[in-house]
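These notes are about the structure you will find just below.
Note that ligands are numbered from 1 as they come in the structure, with each ligand's atoms numbered from 1 the same way. Position 1 is the first residue of the sequence; numbering continues from there. These numbers come from the heavy atoms of this one structure, side chains and all, not from hydrogens, waters or symmetry mates.
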Amino acid sequence: MPVVTSTEMFKKAYEGKYAIGAFNVNNMEIIQGITEAAAEVRSPLILQVSAGARKYAKHIYLMKLIEAAVEDTGLPICVHLDHGDSFEICKSCIDGGFSSVMIDASSKSFEDNIALTKQVVDYAHARGVVVEAELGRLAGIEDDVNVSEADSSYTRPEDVEEFVARTGCDSLAIAIGTSHGAFKFKPGTKPQLRFDILEEIEERLPGFPIVLHGASSVIPKYVDIINENGGDLKDAIGVPEEMLREAARSAVCKINIDSDLRLAMTAGIRQTMAENPSAFDPRKYLSPARDNIRELVKNKIINVLGSDGKA
Ligand code: G3H
Ligand code: 13P
Ligand code: ZN
């Protein structure tokens with residue numbers, strides 16, 4: 001079975017009031033941890049690859065590893081470019097076998113965002129590939145995604161119908177107060193998301209799949225292990241799981257998770273190295289890292305996304 005697009009996944013998720021997890025992948029252990037968890041609970045999956053991940057591992061290695069996971073698990077898996085910032089990178093991923101791309105032109109003007117998104121949609125649709133676009137800007141810093149709080153902005157519901165109609169995009173990422181990375185809310189403040197904006201967008205675009213980026217919960221268990229073993233993530237705060245469950249029941253059909261994977265993996269490595277300071281066989285510390293990812297993803301699917309049993 002080849003990789004699939006997200007079209008059917010989103011249709012069922014919208015109607016069934018659950019969401020598909022979109023997990024960022026960078027290497028074999030991450031891909032195995034995620035796909036083994038999903039296979040155990042029979043969940044469809046989106047595996048997404050950032051520009052930074054392509055630079056780190058090379059497109060072809062990630063593509064072949066994902067194809068191996070499809071063969072190994074028999075799951076419907078969509079392979080998606082995360083935060084493509086140009087026509088060229090989207091084209092390269094489409095030509096290289098991805099079934100879905102994101103064109104993130106959210107830093108551009110409304111008209112320029114429409115023009116670039118439409119260019120990608122035309123190229124992608126002619127080749128059976130689907131396109132996620134973004135309106136509004138999330139704050140947060142990753143390798144290749146870097147937006148200061150001052151430059152972030154909520155999505156304006158009054159823009160969404162025109163944007164979707166003129167671009168023909170297949171799903172839309174919106175900004176309602178989540179952000180990338182492990183430091184999403186100020187310490188001492190109550191995490192809040194603008195569900196009112198999400199509701200208005202849902203009313204304006206009935207049946208249309210919405211995407212939530214920056215949706216890691218920053219699981220305390222893994223943060224604590226990192227902090228106990230020399231890390232300093234004491235101000236790390238994520239999106240509360242109850243909010244993600246609420247989003248999954250709404251028009252949000254795709255929930256993006258990267259930071260939680262990084263924390264789970266790093267906790268496994270730090271803990272193993274602390275317990276066995278002379279360990280130097282990478283398999284000794286990458287196995288517990290992969291186990292943590294498997295456990296994390298299984299919990300997400302069952303307790304947050306509600307996509308178990310839907311594959
Ligand atoms: O939203 C961004 C993802 O977490 C990817 O991050 O560019 O560091 O690979 P990255
Ligand atoms: P987190 O940093 O919250 O995991 O968000 C990941 C993301 O949105 C990838 O596009
Ligand atoms: Zn993102």
Side-chain angles (χ1 to χ4, degrees), residues 6 19-27 30-31 33-34 45-59 61-62 78-86 89-90 93 98 100-107 131-149 151-152 155 171-185 191 193 210-220 222-223 233 235-241 243-244 247-248 252-267 292-293 296-297 299-300 304-305:
S6 48
I20 309 293
F23 299 95
N24 284 73
V25 298
N26 296 279
N27 67 13
I30 297 174
I31 291 172
I34 297 166
L45 269 184
I46 298 172
L47 296 182
Q48 54 188 14
V49 174
S50 68
R54 285 176 94 233
K55 242 182 272 164
Y56 171 76
K58 283 196 185 173
H59 180 100
Y61 284 84
L62 293 171
C78 166
V79 52
H80 173 77
L81 168 66
D82 191 27
H83 293 284
D85 65 354
S86 65
I89 189 171
C90 292
C93 288
F98 282 22
S100 175
V101 293
M102 174 185 192
I103 174 68
D104 180 356
S106 59
S107 61
V131 179
E132 172 185 330
E134 177 163 334
L135 257 185
R137 295 200 80 191
L138 273 72
I141 298 174
E142 308 280 320
D143 271 4
D144 284 335
V145 183
N146 186 341
V147 181
S148 73
E149 208 177 310
D151 288 335
S152 66
T155 306
S171 61
L172 184 67
I174 60 166
I176 58 167
T178 61
S179 61
H180 292 113
F183 303 89
K184 299 188 189 297
F185 302 98
L193 297 185
I210 300 300
V211 179
L212 195 61
H213 282 246
S216 280
S217 290
V218 185
I219 310 290
Y222 299 121
V223 173
L233 296 175
D235 289 337
I237 305 175
V239 183
E241 290 193 342
M243 290 187 185
L244 296 171
V252 170
C253 294
K254 174 174 180 271
I255 292 191
N256 283 14
I257 297 159
D258 187 4
S259 296
D260 276 337
L261 297 168
R262 296 177 180 199
L263 293 166
M265 183 157 207
T266 304
N292 280 1
I293 287 184
L296 170 88
V297 171
N299 283 337
K300 293 269 181 206
V304 176
L305 302 161

Do Arg262 and Ser216 have side chains that get closer than 4.5 Å, going by heavy atoms? no
Check Ala22 against ligand 2 and report side chain, backbone, both or neither, counting heavy atoms closer than 4.0 Å. neither
If we only count heavy atoms from C-beta on, is the Ile20 to Leu305 side-chain gap below 4.5 Å? no
Please could you name the atoms of ligand 1 that His180 approaches to less than 4.0 Å, counting only its heavy atoms? 1 (O)
Are the side chains of Ile176 and Thr155 in contact, using a 4.5 Å heavy-atom criterion? no
Just which atoms of ligand 1 are under 4.0 Å from any heavy atom in His83? 1 (O), 2 (C)
Beyond-backbone contact of Ser217 with Lys300, side-chain heavy atoms, under 4.5 angstrom: yes
Mind checking the CG-OG spacing from Asn24 to Ser50? Nearest 0.5 Å is all I need. 6.0 Å
Check whether any N or O atom of Ala215, backbone or side chain, sits under 3.5 Å from an N or O atom of ligand 2, and answer yes or no. yes
Any N or O of Ser50 that comes nearer than 3.5 Å to an N or O of ligand 1? yes
Are Asn292 and Tyr222 close enough that some pair of their side-chain heavy atoms sits under 4.5 Å apart? yes
Under a 4.0 Å heavy-atom limit, does Arg262 contact ligand 1 with its side chain, its backbone, both, or neither? side chain
Counting only heavy atoms, tell me which of Val49, Asp258, Asp82 gets closest to atom 4 (O) of ligand 1. Asp258
Does either side chain, that of Glu132 or that of His213, offer a donor lying less than 3.5 Å from an acceptor on the other one? yes
Is there a heavy atom of Arg262 sitting under 4.0 angstrom from any atom of ligand 2? no
Using heavy atoms and a 4.0 Å limit, tell me yes or no: is Gln48 in contact with ligand 2? yes
If we only count heavy atoms from C-beta on, is the Leu212 to Asn256 side-chain gap below 4.5 Å? no
Less than 4.5 Å apart, side chain to side chain, heavy atoms only: is that true for Asp85 and Asp104? no
Tell me whether Asp260 has any N or O atom under 3.5 angstrom from an N or O of ligand 2. no
Where ligand 2 meets Lys184 - atom numbers and elements under 4.0 angstrom, heavy-atom basis: 1 (P), 2 (O), 3 (O)
At under 4.0 Å between heavy atoms, what of Asn24 touches ligand 2? The answer is side chain
Checking contacts here: is it the side chain or the backbone of Asn256 that comes within 4.0 Å of ligand 1, counting heavy atoms only? Could be both or neither. neither
Taking 4.0 Å as the limit for heavy-atom contacts, which would you say applies to Asp258 with ligand 2: side chain only, backbone only, both, or neither? both
At a 4.0 Å threshold, what atoms of ligand 1 neighbour a non-hydrogen atom of Asn24? 3 (C), 5 (C)
Looking at ligand 1, would Met102 count as a contact under a 4.0 Å heavy-atom criterion? no
